[in-house]
Colleague: 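There's a structure below that I have some questions on.
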Amino acid sequence: MYTNDFEAAFSAFLERHEYDEAENYLFSMVRLAFAAGWRAAGGEPPVAEKIYQLLSPAGDKDAGEGTRDG
């Protein structure tokens with residue numbers, strides 16, 4: 001359907017930092033719109049959760065729960 005030149009140019013466009021930034025903004029807008037619709041339909045707003053937790057090395061005395069002894 002499209003030429004090889006078009007496909008190569010489109011691929012190069014997708015690999016650029018500007019595309020990643022635009023995609024991030026677009027995703028944020030879609031998520032906000034979905035959340036607004038969800039709340040309007042009577043749903044509870046999403047609860048913020050930790051994405052990750054840093055763990056201390058096993059030998060760290062200050063780690064407490066992060067050690068094998070703790």
Side-chain angles (χ1 to χ4, degrees):
M1 180 180 219
Y2 292 105
T3 66
N4 288 341
D5 290 339
F6 173 87
E7 296 298 337
F10 185 61
S11 179
F13 169 73
L14 293 177
E15 294 175 7
R16 295 181 62 178
H17 169 74
E18 291 84 0
Y19 173 77
D20 291 337
E21 187 175 348
E23 183 181 34
N24 185 40
Y25 285 123
L26 181 59
F27 176 82
S28 295
M29 289 188 316
V30 169
R31 183 171 169 81
L32 287 172
F34 181 85
W38 180 268
R39 287 191 302 271
E44 294 292 322
V47 178
E49 297 180 12
K50 288 183 181 179
I51 297 174
Y52 60 88
Q53 180 179 356
L54 298 178
L55 301 176
S56 298
D60 190 349
K61 299 288 185 196
D62 297 328
E65 296 178 15
T67 64
R68 291 182 180 168
D69 303 353

Colleague: By the rule that ILVMFWY residues connect when side-chain heavy atoms come within less than 4.5 angstrom, directly or transitively, which residues belong alongside W38?
Modeller: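 Its cluster partners, ordered by chain and number, are F34.
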Colleague: Check this for me: F6, atom CZ, are more than 12 non-hydrogen atoms of other residues, nucleotides or ligands nearer than 6.0 Å?
Modeller: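 More than 12 heavy atoms, drawn from other residues, nucleotides or ligands, come within 6.0 Å of this atom.
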Colleague: Pairs of donor and acceptor atoms involving the side chains of residues 18-25, under 3.5 Å and at least two apart or interchain, shall be tabulated with distances.
Modeller:
from: E18; atom 1: OE1; to: R16; atom 2: NE; distance (Å): 3.3
from: E18; atom 1: OE1; to: R16; atom 2: NH2; distance (Å): 3.4

